[in-house]
Every structure is written in structure tokens, then in C-alpha cells.
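Residue numbering restarts at 1 for every chain, and letters A, B, ... go by the order of the sequence lines. The figures here come from the full heavy-atom set of this structure, side chains too, leaving out hydrogens, waters and symmetry mates.
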Amino acid sequence: MKRRIKKAIEEAYKELVKKKRFPDDDVPSSHLISIPKQEQHGDYASNFAMVMASRLKMPPRKIAQEIVSALGDSLDFEKIEIAGPGFLNFFISDTFWQNSLNNIRDLGEHFGSSDAGAGKRVLVEFVSANPTGPLHVGHGRGAAVGDSLCRVLKKAGFQVESEYYINDVGNQMNNLGKSVYLRYKEAFGERVDFPDDCYKGDYIKDIAEGVKREFGDEFLKKDLSECLDFFTKRAVDEIFSGIKEDLREFRVNFDNWFSERTLHESGLIERTIEELKERGLIYEKEGALWFKTSEFGDEKDRVVKRSNGILTYFAADIAYHRQKIQRGYDLLVDIWGADHHGYVPRVKAAIKAFGKDEDILKVLLIQLVNLIEGGKLKAMSTRAGEFVTLREVIDDVGVDATRFIFLTRKCDSHLDFDLDLAKTQSQENPVYYVQYAHARLESVFRMAKDRGFELPNKDEADLSLLNAPEEIKIMKVLNQFPEVVEGAALNLEPHRISYYLTELAGLLHKYYTRYRFIGDDPLLTKARLVLAHVIKIVLKNGLELLGVEAPERM
RNA sequence: CCGCCCAUAGCUCAAUUGGAUAGAGCAACGGACUUCUAAUCCGUAGGUUGGAGGUUCGAGUCCUCCUGGGCGGGCCA
């Protein structure tokens, strides 16, 4: 609808230029169609006249007047008003809204889809937690946002792939294997000193116990160096399968699992560095190899290979992102914890070094989750084994509520996750408000069936009977859904969906209290059942984008 | 010392990307179940958008400075 109006205005303008009513000038893309907050300002508003005023050197209200007269009857508007400093306010007829219900009904689960993404290929990389311990709550936030974003982008016409980057090399891996080895020895009654750089969580003990059960004392006499690889692999496999299980349960889907190890084994990192060296972007200093990221906007150069010959994490990331680019995506979305923000300029620098516009990469920084329990902040550290796992929260709070909490905030705002509140007072969570709306509509249809009503065919229902202000308002909001999805996709802000659904649910609850879907008048009942059906479609489609279930009863 | 992010109702958060009189939920107070689910609805109250300037038709949103909070600034990841 917004596009239709915008186009109509632009055509009216061109028409007026031809008639020499206006001097010829480009139409700036900055003129927008918006939905006014005040109903008296119409269904849609345009700021066209105000945007053009300074360019055309004409008073905005005069421009608006010309546009209105040129628009004439080109669209079936109820009326067009000029208001305030020069807003064009468009009022749409009730008939239009009523008929739109059939349109939504026909589209069904596809309603909300658009071609805004124009089939562009997007890679969304998220979670990417090191396989050194189970996922904790903070990872959950990234998982929920990333997964929902993928769903939203798909809906908006992008070709989307989701990817998990596995940091399965480096010192941390050795420390992990060592930690299990030590716990293994401990399981046989040996006293061991547990170093600070080892992982102290109970899950390490569980893995060690598993090794003991399966292999007995086979490794007891062996030196750490002899069996480190075994213990490391064992630990990674076990932890990682746990991570995958948690994600599955959290309804988070990944198309690709990308192992950092493969970058090393294939020699891609070395080759990438070689290539950069040939282009003079790598130099040696104090025994290490440095990448001139400062030539591409970073504040200083960065080491890619340490003086001990070991590649840095950044080196792998350069190769990884280059490899992503070569896979041919139009857009790369990386979702990181906000504590990695200092890392953004150097990765963007790498991308520029490969001749790509840095805007091909969008980094979403997810603020850390503060966990509150007993009114106190809980410290979280994987290494110290102090953390609340995602699984724990899922089990206590539920997948739907947890996802909704994460998706009802902009990701760059700090999030206080109050465990006690989420566990004991989960009724306060707005997710139930939305789900309840869906369940209520299901219940209406159960009752309708008992009373001998079915959802009528399209030609059976007289939608013009739906003329109550509340009904018209609902129809308007229903029609916003595709635009909300589009906005959420283009701005990478899945939280918009949650707010939209809360508003729609609120309108339903209000309507439900005041009117009855099933009444004495069969014609009115039929029409309202169509409305109920369409609201249900939109609620369900929206909840699907959040990865939250639409229950039939509660 | 330098850089990035945040600051909106008592609390948790929105605000269509610069639009018109800043909105929801929770908490507080007062009402509504004989009718499709009260996990709901109606009403009351709650604000100098951290502070000061600036840009313009118009600023919570943009620019500068200040205050307060978070996070970074390693040949760690």
C-alpha cells in the first residue's frame, strides 16, 4: 500500500512537471509514506511536499495542493487532506479494508511475504560458541535473534543461509583436553592440582567419568602428551553434540557448520596471507607477520602470525570472511557478543582489502545478558564453571517465553534476565498475551462448529457488515504485517515482529471483550468468522517468524 | 588516556529511521465473568526523553560538549 501511494505521488509530480506547474527536478528518495500515530491524520501520510519545498522554492502547502488536484481519482481514496505544515493525509475507504480480508485469506501462510530482498543471498553467522562448554544464557540471546532474523529475511524475499563457525583449534582446545585428562585421573582417586587455565565446570567431570566407564584405566599410566588428542577430541565431540541438541530444542536451525580447523588443514589461511603479502599488505616486525589493516580504516595494524609461528585467531577470520565472500553472498551478517566490538574494524578492513565494500558485512552486536537471581547479579564465566546454561533456562522457563524475552528488545540494549521473575511469574511474560489471542480464536472456531457454523466461503460472507471502528482498526493493522516484516528484515531488527504481534493481540482482546464472533445473526457471524480466521493467520505467521508456537488452547 | 555502545513513566522496553499531541506491558489504585477461555477488558495515575548548546518547517532520533553506566584498547580468543 505504501508503495502504491508513493508511486502515485511520484507520477502525479511528473505529470505536473510536464504541464510546467513545477520546475523539473529529481524526486528525492527521502520522501516517505508513513502511518500516522493519530487517526485523525489518516491511514497514510506523505511528507513529499515538505521534502520538496526547499528544492522547488515553493511553500509546501501549495505543492501539496497541486499534488492533490493531480492525484484526482487515480486511487480509490476516501479523501486526501492537506494538514499541518504540508502533510498529505490519505484516508482509505472501509470497503478497501474489508476486501483486503479475502486477499489475506487467499495468501494464508504466505501472507507477510514480500520481494523486498529481491532474492539476494544472505549468510547469517551466529552463536559460534567455542565448544569448550555448554551454551549459556548469553548464547541463547544471540541464537534467538539470529534464528528469528533468518526467518524474517526469508519471509522478506532473501535467500538465507545460517552458519555456525566452530573455533575448534588453538590453546583453548588443549586446555579443554587437559582439563578432562586431569578430571579423569582424579576419578581414579589421584590428587591433582587444577590449574587456573583449565575448565572447572562439572560437565568436564561428566566427560571424564564417561571415559572411565568406557576405557577403564587405559590412559592412567599414559602421559598427557600421549593422549591429549584423544581427550580433546572426546571432549569436543561430546560438548558439541550437547550444543547441537540444545539448539535443536531451542528451535534454532543451522544450514552450515563451519569448522575453523578446515581452514587450517586446507592451507587456505596460509594462501590468503601469501596473497596479501604479494600485494604488499603484510610485513614482518619483531619476528611476527603484520597485516596493514590501518590502511583500511583500522586504528593500527594487526598480527596474523605470531613470532612463535602460530597463526592468530584473526588470521583465520580473514580467510573465513574472504571465503564467505567467494561463496558469492550479497550480504554477510555476523552476530557477535558486544564485548567483541573492538574486532569489527579489523574484519571490515580485511573485507576492504579484498576489494569489497565494507557494507557487505553487517555486524550485529548483541549486548551481554545480565542474569539476576535472588535480586543479585550472577557472574558468568565458562572457564570458572560459573554460568547458567541455556538448557537450564529452557527447562525452567520454556522455549516460547525465553525466545520471546530475547526477541522483545533491540539487541543493542542491555538485558536483565531475571530468572526468578521468568520462572515464577511467567504469566507476566507478554508471550502469553499473544499466544492467548491465538488460543482464543481457536476456541471460537471450536464453539462455532458446535453451533453449526463453519468458516464461510468467500462469496458467502458479506464483509461490509464488518464496519465497527474496532473491526476497521484491526483490518488496518492486519494489512501492516508485510510492511512490518519488510522493515524488520531490511533493518535486521526481528524485535519489531514481537511488538507488532503484541499490538494485534491487544486489539483482538479488546474486540473479544466487547463483541461476539458468534451471535444470533448468522450473516454477521459468518463475516466475523472470516475476520477471526484472518487474525489467526497473521498471529500464526508472526509467531512463526519468532519461532514461538501458536497454541490451539491454553 | 583513547575508542565503541547505552541512558525515554517507579520497573522492563517501544517509537515506522528527521514527522504532527512520546506509546505498551508490569507494578499501584478503582471497576467488569449467567453469554465464543478473566493468561482478558475498562478507567485513574505516572514524562523538562540524563544535562547544556547547535542544525531546520519539525529533534527522543543528527552534530558538539558535559555527566553517569557497560564494554573494549595483547604476538589471547
Side-chain angles (χ1 to χ4, degrees), chain A residues 2 30 32-38 40-41 45 47 49-51 53-54 59-61 83-87 89 130 132 167 169-172 285-290 299-300 302-310 312-314 316-317 337-345 365 367-368 370 405 408-410 412-416 418 421 425-433 435-437 439-448 450-451 453 480 483-484 486-487 490-491 493 495-496 498-500 502-503 505-506 508-519 525 528-529 532 553-554:
Chain A
K2 282 187 184 177
S30 59
L32 291 173
I33 308 299
S34 58
I35 296 173
K37 290 172 191 159
Q38 308 284 322
Q40 52 182 326
H41 293 140
N47 61 355
M50 276 126 56
V51 172
S54 59
R61 288 191 70 107
F87 286 103
N89 292 340
N130 299 348
T132 54
N167 302 127
V169 290
N171 249 336
Q172 42 165 2
K285 191 176 89 181
E286 295 161 8
L289 290 183
W290 297 71
E299 59 182 292
K300 55 186 167 187
R302 308 289 174 178
V303 170
V304 288
K305 190 182 239 178
R306 292 182 257 164
S307 50
N308 63 8
I310 294 178
T312 60
Y313 176 85
F314 178 48
D317 239 358
D339 51 340
H340 289 71
H341 70 261
Y343 208 75
V344 177
L365 295 170
Q367 282 295 339
L368 303 187
N370 291 323
I405 288 171
T408 313
R409 284 154 173 81
K410 271 192 304 206
D412 55 5
S413 62
H414 295 91
L415 168 55
D416 288 335
D418 191 322
L421 200 78
Q425 303 188 334
S426 53
Q427 292 85 352
E428 289 176 13
N429 190 311
V431 72
Y432 301 107
Y433 188 79
Q435 288 185 315
Y436 186 52
R440 272 186 145 175
L441 290 169
E442 288 287 355
S443 154
V444 165
F445 279 98
R446 283 194 294 273
M447 180 57 70
D450 283 353
R451 306 241 179 117
F453 285 105
Q480 288 172 19
E483 286 156 10
V484 171
E486 188 177 320
L490 297 177
N491 294 284
E493 291 182 345
H495 77 275
R496 296 183 185 208
S498 318
Y499 280 92
Y500 170 78
T502 305
E503 185 194 358
L508 171 80
H509 288 311
K510 184 181 290 201
Y511 180 76
Y512 187 96
T513 308
R514 179 143 180 213
Y515 297 88
R516 301 188 58 72
F517 284 100
I518 304 163
T525 299
R528 287 184 173 172
L529 283 177
R553 54 182 89 222
M554 288 173 71

Partner nucleotide, any strand, of [N] [Watson-Crick/G-U, under 3.5 Å]:
{"N": "B/rC57", "result": "B/rG19"}
{"N": "B/rU40", "result": "B/rA32"}
{"N": "B/rG74", "result": "none"}
{"N": "B/rC11", "result": "B/rG25"}

Can you tell me how far the [atom1] atom of [X] sits from the [atom2] atom of [Y], to the nearest 0.5 Å?
{"X": "A/R302", "Y": "A/F314", "atom1": "CZ", "atom2": "CZ", "result": "7.5 Å"}
{"X": "A/Q435", "Y": "A/M554", "atom1": "CD", "atom2": "CE", "result": "5.0 Å"}
{"X": "A/D412", "Y": "A/H341", "atom1": "CG", "atom2": "NE2", "result": "13.0 Å"}
{"X": "A/Q367", "Y": "A/L365", "atom1": "CD", "atom2": "CG", "result": "7.5 Å"}
{"X": "A/E486", "Y": "A/N491", "atom1": "CD", "atom2": "CG", "result": "10.0 Å"}

### Query
Is it true that the side chains of A/Q172 and A/N130 contain a donor and an acceptor less than 3.5 Å apart?
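Yes, side-chain donor-acceptor contact under 3.5 Å.
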[N] to [M] separation - [atom1] atoms, rounded to the nearest Å:
{"N": "B/rC71", "M": "B/rA7", "atom1": "C1'", "value": "15 Å"}
{"N": "B/rG58", "M": "B/rG74", "atom1": "P", "value": "46 Å"}
{"N": "B/rU67", "M": "B/rU49", "atom1": "C1'", "value": "16 Å"}
{"N": "B/rA15", "M": "B/rA27", "atom1": "P", "value": "23 Å"}
{"N": "B/rG25", "M": "B/rA14", "atom1": "P", "value": "16 Å"}
{"N": "B/rU35", "M": "B/rG19", "atom1": "P", "value": "47 Å"}
{"N": "B/rG53", "M": "B/rU16", "atom1": "C1'", "value": "29 Å"}
{"N": "B/rC4", "M": "B/rU64", "atom1": "P", "value": "9 Å"}

### Task
Please tell me which of A/R446 and A/D412 maps to the more 5' nucleotide of RNA chain B, matching each residue to the nucleotide holding its nearest heavy atom.
A/D412
### Closest-nucleotide 5' rank along RNA chain B - winner of A/G487 and A/R553
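Going by which nucleotide is closer to the 5' end, it is A/G487.
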Nearest-Å distance, [atom1] ([X]) to [atom2] ([N])?
{"X": "A/L508", "N": "B/rU40", "atom1": "CG", "atom2": "P", "result": "12 Å"}
{"X": "A/I405", "N": "B/rA24", "atom1": "CD1", "atom2": "P", "result": "22 Å"}
{"X": "A/Q38", "N": "B/rA15", "atom1": "CD", "atom2": "C1'", "result": "13 Å"}
{"X": "A/L490", "N": "B/rU16", "atom1": "CG", "atom2": "C1'", "result": "12 Å"}
{"X": "A/R409", "N": "B/rA24", "atom1": "CZ", "atom2": "C1'", "result": "13 Å"}
{"X": "A/L441", "N": "B/rA39", "atom1": "CG", "atom2": "P", "result": "15 Å"}
{"X": "A/M50", "N": "B/rU56", "atom1": "CE", "atom2": "P", "result": "16 Å"}
{"X": "A/E503", "N": "B/rC41", "atom1": "CD", "atom2": "P", "result": "13 Å"}

Using a 4.0 Å heavy-atom cut-off across all strands, classify [X] as base, sugar-phosphate, or nothing.
{"X": "A/A437", "value": "nothing"}
{"X": "A/N491", "value": "base"}
{"X": "A/E442", "value": "nothing"}

### Task
Answer with yes or no after comparing the ring centroid distance for A/F517 and A/Y511 against a 6.0 Å cut-off, counting only values under it.
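Aromatic pair counts; centres sit under 6.0 Å.
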### Message
For the base of B/rG19 and the side-chain ring of A/F87, does the geometry meet a stacking cutoff of under 5.5 Å between centres and under 30° between planes?
### Response
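The ring of A/F87 is not stacked on B/rG19.
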Any donor-acceptor pair under 3.5 Å joining the side chain of [X] to the base of [N]?
{"X": "A/T312", "N": "B/rC75", "answer": "no"}
{"X": "A/E493", "N": "B/rU16", "answer": "no"}
{"X": "A/N89", "N": "B/rA20", "answer": "yes"}

At less than 4.0 Å, is any side-chain N or O atom of [X] found next to OP1 or OP2 of [N]? Yes or no.
{"X": "A/K410", "N": "B/rA15", "value": "yes"}
{"X": "A/R306", "N": "B/rC76", "value": "yes"}
{"X": "A/Y313", "N": "B/rA77", "value": "no"}
{"X": "A/K37", "N": "B/rG19", "value": "no"}

### Task
Could you tell me which non-hydrogen atom of A/K410 sits nearest to which non-hydrogen atom of A/H495, and how far apart they are?
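Of all heavy-atom pairs spanning A/K410 and A/H495, the closest is CG-CE1, 3.2 Å.
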### Query
Should the ring pair A/Y343 and A/H340 be called parallel, tilted or perpendicular, given that the plane angle runs from 0 to 90° and is split at 30 and 60?
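A/Y343 vs A/H340 ring planes: perpendicular.
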### Task
Keeping the roles fixed (side chain from A/H509, backbone from A/Y436), state whether a donor-acceptor pair exists under 3.5 Å.
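It does not hold such a pair.
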Contacts under 3.5 Å, N or O only, protein and nucleotides 30-36 of chain B:
from: B/rU35; atom 1: O2'; to: A/R516; atom 2: NH2; distance (Å): 2.6
from: B/rC36; atom 1: O4'; to: A/R516; atom 2: NH2; distance (Å): 3.3
from: B/rC36; atom 1: O2'; to: A/S443; atom 2: O; distance (Å): 3.3
from: B/rC36; atom 1: O2; to: A/F517; atom 2: N; distance (Å): 3.4
from: B/rC36; atom 1: O2; to: A/I518; atom 2: N; distance (Å): 3.2
from: B/rC36; atom 1: N3; to: A/F517; atom 2: N; distance (Å): 3.1
from: B/rC36; atom 1: N4; to: A/Y512; atom 2: O; distance (Å): 2.7
from: B/rC36; atom 1: N4; to: A/Y515; atom 2: O; distance (Å): 2.5

### Query
Is the NZ or CZ atom of A/R440 both under 6.0 Å from the centre of the six-membered ring of A/Y512 and within 45° of that ring's axis?
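Here A/R440 passes the 6.0 Å and 45° test against A/Y512.
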Identify all pairs in which a protein N or O lies below 3.5 Å from an N or O of nucleotides 69-72 of chain B, and state each distance.
from: B/rC71; atom 1: O2; to: A/H341; atom 2: NE2; distance (Å): 3.4

### Task
List the steps, then state whether side chain to side chain contact (heavy atoms under 4.5 Å, CB included) holds for A/L529 with A/V444.
CA-CA 8 Å; A/L529 283 177; A/V444 165; 4.0 Å; yes
### Query
Between B/rA14, B/rU16, B/rC75, which one does the side chain of A/H495 approach most closely?
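Selected nucleotide (nearest to the side chain): B/rA14.
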### Query
Should we say atom NZ of A/K510 is surrounded by more than 12 heavy atoms from elsewhere, each under 6.0 Å from it?
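12 or below, so no.
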### Task
Identify whether the glycosidic angle of B/rC41 places it syn (within 90° of 0) or anti.
anti
